[in-house]
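We're numbering straight along the sequence, starting at 1.
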Amino acid sequence: MTFRSEFLARLEARGFIHQLTDAQGLDDLAAREPIRAYIGFDCTAPSLHVGHLTQIMMLRHLQQSGHKPVVIMGGGTTRIGDPSGRDTSRMLLSDADIAANMASIKAVFERFLTFGDGPTDAIMINNADWLDGLEYIPFLREVGRHFSINRMLTFDSVKLRLDREQPLTFLEFNYMILQAYDFMELYRRHGVRLQMGGSDQWGNIVNGIELTRRIEGGELFGLTTPLLTTADGAKMGKTAGGAVWLNEDQLSHYDYWQFWRNTHDADVGRFLKLFTDLPLDEIARLEALGGAEINEAKKVLANAVTTLARGAEAAEAAAETARRTFEEGTAGTDLPRLTASGALPLVDALVGLGFAASKGEARRLIKQGGARVDGEKIVDEAHVLTIGNGSVKISAGKKHHGLVEPA
């Protein structure tokens with residue numbers, strides 16, 4: 001359908017929309033008045049990663065379209081753990097760990113959203129504010145009776161785990177009920193009408209809509225984004241070295257910039273639409289570049305995405321480091337670094353710099369001819385570096401470079 005509201009028209013044009021519970025109803029509401037919409041983020045790590053960027057950018061477009069973003073920190077739900085898309089239970093975190101993770105995550109949103117008391121200013125809320133005070137029996141009587149076990153067993157977050165004969169704890173089974181309750185509480189307390197999330201959250205979102213309709217009579221809406229994978233089928237946000245974190249204390253500016261610079265040719269246009277504010281006509285021009293010129297589009301992507309998450313100075317420094325490393329053959333100031341003294345096995349250096357997730361992976365990289373020391377290819381898996389007075393440049397493939405420096 002053709003959307004009348006700026007918000008949905010913008011999301012549609014940039015590739016964000018996968019499912020809508022009532023497209024016409026939501027479009028009419030968004031065209032008529034400012035709406036409040038939320039996305040929840042559990043605090044399972046000290047940082048979010050680029051797999052969360054789709055949701056963060058959706059909140060950004062919501063605000064830019066004249067609506068109010070509501071960011072929910074899962075101080076309550078993190079104590080259980082979302083089973084969606086997982087084969088195993090999440091490790092239970094202590095309250096202190098959850099609080100520390102939440103504090104670390106919060107700063108990221110301030111780069112993407114404007115917070116304050118205005119009608120379209122974003123607000124951040126901790127769902128522990130209402131979940132921690134729930135009494136079990138009253139909660140079961142008010143909320144639990146609206147959930148059918150038969151239907152809950154059909155949701156992907158449950159069904160996939162059971163089909164694979166992986167255990168699903170009763171604790172995790174309650175997650176979808178608490179998320180539905182979140183939506184109802186946000187409607188009650190803040191007038192939130194829309195929940196957004198990834199495609200794996202569809203069942204949880206629908207539960208919240210139906211629960212609120214039955215108890216409060218409220219009309220709510222849901223919107224999900226497509227499952228995001230790269231052109232080679234890999235899950236967005238994962239590399240050989242681990243997750244691509246948004247927080248700079250978890251991943252250097254250079255590594256973050258370089259992740260986007262290494263985007264597959266086929267993904268450039270799509271990622272420019274999803275992860276930058278560039279106009280669509282400019283994205284179309286960049287996407288049409290062929291041959292070696294597509295590398296210029298990748299640099300534009302890396303600069304724009306890094307500027308949003310880390311700031312303009314970080315993007316410029318990372319781009320300059322890349323230029324010096326690749327064009328001049330010298331070591332830039334923002335390359336990943338590792339300190340050592342004396343003898344250091346090359347496999348340890350590759351793991352320590354984040355170029356391999358394990359020693360086994362590092363050995364395979366060396367054996368396949370993908371490792372270089374000061375520009376020289378090394379194929380001996382037992383190769384040992386001698387760390388003297390100067391730094392040693394380590395390369396993994398053509399795109400990853402780092403330095404081992406004397407301790």
Side-chain angles (χ1 to χ4, degrees), residues 11 13-18 48-58 85 198-200 225-246 251-310 314-315 318-319 321-323 325-327 334-336 350 353-357 361-362 364-365 368-372 395-402:
L11 291 192
R14 301 184 83 97
F16 283 91
I17 298 177
H18 177 56
L48 301 179
H49 54 72
V50 299
H52 295 104
L53 263 187
T54 307
Q55 313 308 321
I56 297 174
M57 289 300 295
M58 199 153 49
S199 58
D200 61 336
T225 55
L227 175 66
L228 191 59
T229 57
T230 58
D232 60 1
K235 187 175 181 180
M236 184 66 181
K238 300 290 185 180
T239 68
V244 182
W245 301 108
L246 299 185
L251 185 74
S252 74
H253 297 320
Y254 174 78
D255 284 336
Y256 187 78
W257 188 95
Q258 193 64 35
F259 169 80
W260 297 102
R261 171 61 180 82
N262 293 339
T263 295
H264 293 280
D265 292 1
D267 287 330
V268 172
R270 184 165 58 114
F271 287 0
L272 283 166
K273 290 177 183 177
L274 289 171
F275 304 121
T276 79
D277 289 331
L278 290 177
L280 292 175
D281 55 353
E282 174 64 7
I283 292 173
R285 183 190 71 79
L286 292 168
E287 189 176 16
L289 296 176
E293 289 186 326
I294 195 66
N295 289 322
E296 295 307 310
K298 293 180 182 181
K299 292 176 184 177
V300 171
L301 171 66
N303 287 334
V305 179
T306 304
T307 296
L308 278 175
R310 304 292 183 83
T321 294
R323 187 189 68 78
T325 301
F326 294 102
E327 296 177 14
D334 202 25
L335 287 178
L350 290 167
L353 288 167
F355 298 158
E361 187 175 305
R364 287 192 294 274
L365 177 67
Q368 293 166 4
R372 292 179 180 271
S395 302
K398 297 179 180 180
K399 300 177 180 179
H400 299 288
H401 307 275

Listed partners of Phe275 passing ring-ring contact (aromatic ring centres under 6.0 Å, His included), at least two apart: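 Counting only residues at least two positions away or on another chain, Phe275 forms a ring-ring contact (aromatic ring centres under 6.0 Å, His included) with Trp260, Phe271.
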With the side chain counted from C-beta on, respond yes when [X] and [Y] share a heavy-atom pair under 4.5 Å apart, and no when they do not.
{"X": "Thr230", "Y": "Met236", "value": "yes"}
{"X": "Val300", "Y": "Leu278", "value": "yes"}
{"X": "Arg261", "Y": "Asn295", "value": "yes"}
{"X": "Leu286", "Y": "Glu282", "value": "yes"}
{"X": "Lys299", "Y": "Glu296", "value": "yes"}

[X] to [Y] - nearest heavy-atom pair and separation:
{"X": "Leu365", "Y": "Ala396", "value": "CD2-CB, 3.7 Å"}
{"X": "Asp265", "Y": "Lys298", "value": "OD1-NZ, 2.6 Å"}
{"X": "Ala297", "Y": "Leu289", "value": "CB-CD1, 4.2 Å"}
{"X": "Phe259", "Y": "Val244", "value": "CD1-CG2, 3.5 Å"}
{"X": "Thr307", "Y": "Ala315", "value": "OG1-CB, 3.3 Å"}
{"X": "Thr276", "Y": "Ala304", "value": "CG2-CB, 3.7 Å"}

Stepwise side chain to side chain contact (heavy atoms under 4.5 Å, CB included) check, Arg364 with Glu361: CA-CA 5 Å; Arg364 287 192 294 274; Glu361 187 175 305; 3.7 Å; yes
Could you give the distance from [atom1] ([X]) to [atom2] ([Y]), rounded to the nearest 0.5 Å?
{"X": "Leu280", "Y": "Arg285", "atom1": "CG", "atom2": "CZ", "value": "14.0 Å"}
{"X": "Leu228", "Y": "Gln55", "atom1": "CG", "atom2": "CD", "value": "9.5 Å"}
{"X": "Thr225", "Y": "Met58", "atom1": "OG1", "atom2": "CE", "value": "5.0 Å"}
{"X": "Met57", "Y": "Phe16", "atom1": "CE", "atom2": "CZ", "value": "5.5 Å"}
{"X": "Leu274", "Y": "Leu53", "atom1": "CG", "atom2": "CG", "value": "10.0 Å"}
{"X": "Leu246", "Y": "Leu48", "atom1": "CG", "atom2": "CG", "value": "6.0 Å"}

Short side-chain to backbone donor-acceptor contact, Asp267 and Thr263, under 3.5 Å: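 Not at all, since once roles are kept as given, no pair shorter than 3.5 Å links the two residues.
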Check: His264 side chain, Ala266 main-chain N or O, donor-acceptor pair, under 3.5 Å: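 Not at all, since once roles are kept as given, no pair shorter than 3.5 Å links the two residues.
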Qualifying residue for side chain to side chain donor-acceptor pair (under 3.5 Å) with Trp257, from Thr321, Asn303, Thr306: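 Per the side chain to side chain donor-acceptor pair (under 3.5 Å) rule, the option paired with Trp257 is Asn303, out of Thr321, Asn303, Thr306.
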Non-neighbouring partners of Arg14 that pass salt bridge (Lys or Arg N to Asp or Glu O under 4.0 Å), sequence neighbours left out: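 None.
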Trace of the side chain to side chain contact (heavy atoms under 4.5 Å, CB included) decision for Val50 with Trp245: CA-CA 6 Å; Val50 299; Trp245 301 108; over 6 Å; no
